[in-house]
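All values reported here derive from a predicted model rather than from experimental measurement. Along the sequence shown, residues carry numbers from 1.
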Amino acid sequence: QSKKVARLHMNFSSGLKLAGLDDFLTPAQQCIKPVKLDKRETREAIHIVEEEGNYHEVLPGGERLKLETTKISLTDCLACSGCVTTAEAILVQEQGLGEFYKHLDTEETVVITVSQQSTASIAAHFNISFEEAFEKITTFLQHFGVKHVLDCSVARNFSLLETSKEFIERKKKSLEGTPTTLPLILGACPGWVCYAEKTQSDYILPYLSTTKSPQQIMGSIVKGPFAESISVPPSNIYHVCIMPCFDKKLEASRADFKNESFADVDIVISTLELLEMIKTKTRNPNGETEPEIESESETGDVEMSEPPKRSETVLSQSFLELARTRTDSVLAQSTRTSSEQGRASGGYLDYIFRVAAKEIFGQEITQIDYKRGRNDDRLDADLVLEDKTVLKFGIVYGFRNIQNIVRMIKTKKCNYDFLEIMACPGGCTNGGGQIRAEQTTQSNQLLKQVNTTFFETPLEIPERNPTVCELYGGWLSTPESRKQFLHTQYHQIPKLEVTHPLAINW
């Protein structure tokens, strides 16, 4: 059994192994999956499991049939309440570097969106500025045939604007005495959403904002107006997102973000996996490149070997020696919308608090006074008018704090209006897919450096972004288009033991 586990683990990307994830399902563990039973005439047979793990069915006449191994996809994981998190082996198979390399060697147009948190992590690792890191990442990826490298800022702006509209609508109803659901809880973190759907769906789902995460809004943009602008059918675009979180792989696999022809995001690569690619595809400054191989034909003439595949390219330079590629694309400009006190997970509380204070109560907020809760991952922001708290917002990071909030909601003791919830302690810059410090004692210092680098990006107001205004005026000009491309839905995952009392263990 242990040998089989070892063989499975050898297939994992080193990025996943470095993260220390241990929630993958091995042959020694049980995965409970709803099984569709074929309604056919039953027959007596003996089922044999060999030492190698193969399954055979022996019929009464002695005939021996090999049974096919059941395949689990990420879609299966999302539809099953057998566990909360994902199976690591499945993530590697469907959302790993190996799959990404395959598509580099096709005729597809490869488009990559890089999250700001990932860029900041790379910048901190190589001790360079945010701008230089993004430009070197662009140069590096273009060496492998990537046509376009984009930033996620425009998509984040849409996510902020739509979430703020949702909140203001609900809050105004509440003030008018109309029944509504508060607090509005951010739904941009897939780890939190997966937890809510599988374990707390009866209580939590009505509170979740329906606005898509920046990753998935970027998927809609890339396969929509961007595809049209470069005259490439969306089905011919291979869209890759580089993200700070492994759960983003799971989010991209949701059926809500696919149609019969294509997925909005085809694959998600973590920051750790990008670093792994950089380390294996670049050389040290003093390293030598492999010489081009010549071979002799049958006639004795020297002929050049076939050009190497894009995925097999190894650069003769180190990452720091790469040139800086600047682009004028409006979708490649990095910005931020929050102050440093508002954290680096998108700035939802920071932005929505200011907008709501102005639009609902006519208050111009120049600086938010954050109050620390029981720990650094609990922050509150209140708007008090005439000794009355009219807005109460909270930042809640990490499952230790999330469970306390869920308990408050269940017991109807939650007096918040809006909650920015992220599954990772420290937020997105400390996501599970980010680069880790070599020593645990250096973790806090590295996170501070990543956050400092993140906030090097210029501050902007989302509603004043020209690209945002242009897309709202055209591509998103109707309520139907805004609902389709900027919003999503959540699913109550039924308890497996109730829905499938005869589910098998395998």
Side-chain angles (χ1 to χ4, degrees), residues 116 153 155-176 180-189 192 207-214 335-398 401-402 404-405 408-409 414-422 426-429 451 454-455 457-465 468 486:
Q116 292 169 295
S153 295
R156 180 216 56 225
N157 287 343
F158 278 116
S159 187
L160 287 167
L161 289 165
E162 292 298 307
T163 307
S164 66
K165 291 175 185 176
E166 273 190 274
F167 173 74
I168 289 170
E169 181 180 353
R170 292 196 193 188
K171 183 61 178 178
K172 284 183 175 179
K173 285 183 178 179
S174 175
L175 293 172
E176 294 167 356
T180 188
T181 308
L182 287 176
L184 179 69
I185 303 178
L186 187 64
C189 172
W192 153 243
Y207 296 93
L208 292 185
S209 165
T210 63
T211 301
K212 290 181 181 179
S213 71
T335 61
R336 61 181 172 89
T337 58
S338 70
S339 62
E340 292 190 41
Q341 291 78 18
R343 301 299 177 92
S345 298
Y348 287 89
L349 185 152
D350 204 89
Y351 175 76
I352 297 170
F353 187 89
R354 297 172 192 270
V355 172
K358 183 176 181 179
E359 187 163 332
I360 301 175
F361 301 102
Q363 301 295 309
E364 194 81 42
I365 305 297
T366 56
Q367 183 174 342
I368 299 176
D369 181 20
Y370 285 96
K371 299 176 182 177
R372 184 182 181 276
R374 293 183 176 179
N375 51 66
D376 290 338
D377 286 325
R378 284 288 288 108
L379 295 177
D380 287 354
D382 298 341
L383 178 62
V384 180
L385 298 177
E386 298 178 356
D387 296 327
K388 180 181 179 182
T389 301
V390 295
L391 284 179
K392 188 172 184 63
F393 281 36
I395 282 178
V396 182
Y397 292 166
N401 293 316
I402 287 173
N404 290 332
I405 289 293
M408 290 168 62
I409 293 175
C414 184
N415 60 349
Y416 286 92
D417 293 304
F418 177 85
L419 291 169
E420 179 184 311
I421 290 184
M422 299 290 171
C428 295
T429 47
N451 286 332
F454 177 91
F455 285 104
T457 53
L459 191 66
E460 79 163 341
I461 300 174
E463 58 269 30
R464 295 181 185 175
N465 181 288
V468 169
L486 302 180

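- Rounding to the nearest 0.5 Å gives a distance of 6.5 Å between NZ of K172 and CD1 of I168.
- Between N451 and A344, the closest heavy-atom pair is OD1-CB, 3.9 Å.
- Atoms CE and CG, from M408 and L419 in turn, are 8.0 Å apart once rounded to the nearest 0.5 Å.
- A side-chain donor-acceptor contact under 3.5 Å links Y370 and D350.
- Using a 4.5 Å heavy-atom threshold, the side chains of I365 and K358 count as separate.
- A ring-centre distance under 6.0 Å is found for F393 and F167.
- In summary, E169 and K165 do not engage in a salt bridge, as defined by a charged side-chain N under 4.0 Å from a carboxylate O.
- Residues R378 and V396 have side chains in contact (heavy-atom distance under 4.5 Å, counting atoms from C-beta outward).
- To the nearest 0.5 Å, atoms OG1 (T211) and CD (E166) are separated by 4.0 Å.
- Between atom CG of residue L186 and atom OG of residue S213 there is a gap of 9.5 Å, rounded to the nearest 0.5 Å.
- Looking only at side-chain heavy atoms (C-beta outward), L379 and L349 stay at 4.5 Å or farther from each other.
- No side-chain heavy atom of I360 sits less than 4.5 Å from a side-chain heavy atom of V390.
- The backbone N or O of K212 lies less than 3.5 Å from a partner atom in the side chain of S159, making a donor-acceptor pair.
- In terms of heavy atoms, D377 sits closest to G426 at OD1-N, 2.9 Å.
- With hydrogens and angles disregarded, no donor-acceptor distance shorter than 3.5 Å links the side chain of E162 to the backbone of L486.
- Y348 places a side-chain heavy atom less than 4.5 Å from the side chain of L160.
- Other residues, nucleotides and ligands contribute at most 12 non-hydrogen atoms within 6.0 Å of the CZ atom of R374.
- For the atom pair CZ (R354) and OG1 (T366), the distance works out to 7.5 Å, reported to the nearest 0.5 Å.
- Donor-acceptor pairing under 3.5 Å is recorded for the side chains of Y416 and D380.
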Go through I185 and I409 one step at a time and tell me if the side chain to side chain contact (heavy atoms under 4.5 Å, CB included) criterion holds.
-> CA-CA 11 Å; I185 303 178; I409 293 175; 3.7 Å; yes
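- Side-chain atoms of D382 do not come within 3.5 Å of backbone N or O of V384 as any donor-acceptor pair.
- Looking at R156, its side chain never comes within 3.5 Å of a backbone N or O of P214 through a donor-acceptor pair.
- Salt-bridge annotation for K392 and D417: absent, with no side-chain N of the basic residue lying under 4.0 Å from a carboxylate O of the acidic one.
- Between the side chains of E460 and T335, at least one donor-acceptor pair of N or O atoms lies under 3.5 Å.
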Intermediate values then yes/no, side-chain hydrogen bond (donor to acceptor under 3.5 Å, both in side chains), S345 and E420 = CA-CA 9 Å; S345 298; E420 179 184 311; 4.6 Å; no
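- Using a 4.5 Å cut-off on side-chain heavy atoms (C-beta onward), F418 and L391 make no contact.
- Of the possible donor and acceptor atoms, none in the side chain of R170 sits under 3.5 Å from a partner among the backbone N and O of T180.
- Contact annotation: the side chain of L208 approaches that of W192 to within less than 4.5 Å [non-hydrogen atoms, C-beta and beyond].
- Closest approach of Y397 and N401 over heavy atoms only: O-ND2, 2.9 Å.
- We find the CG-OH distance between L161 and Y351 to be 4.0 Å, quoted to the nearest 0.5 Å.
- In this view, F454 satisfies the ring pair (Phe, Tyr, Trp, His ring centres under 6.0 Å) rule with no residue, not counting sequence neighbours.
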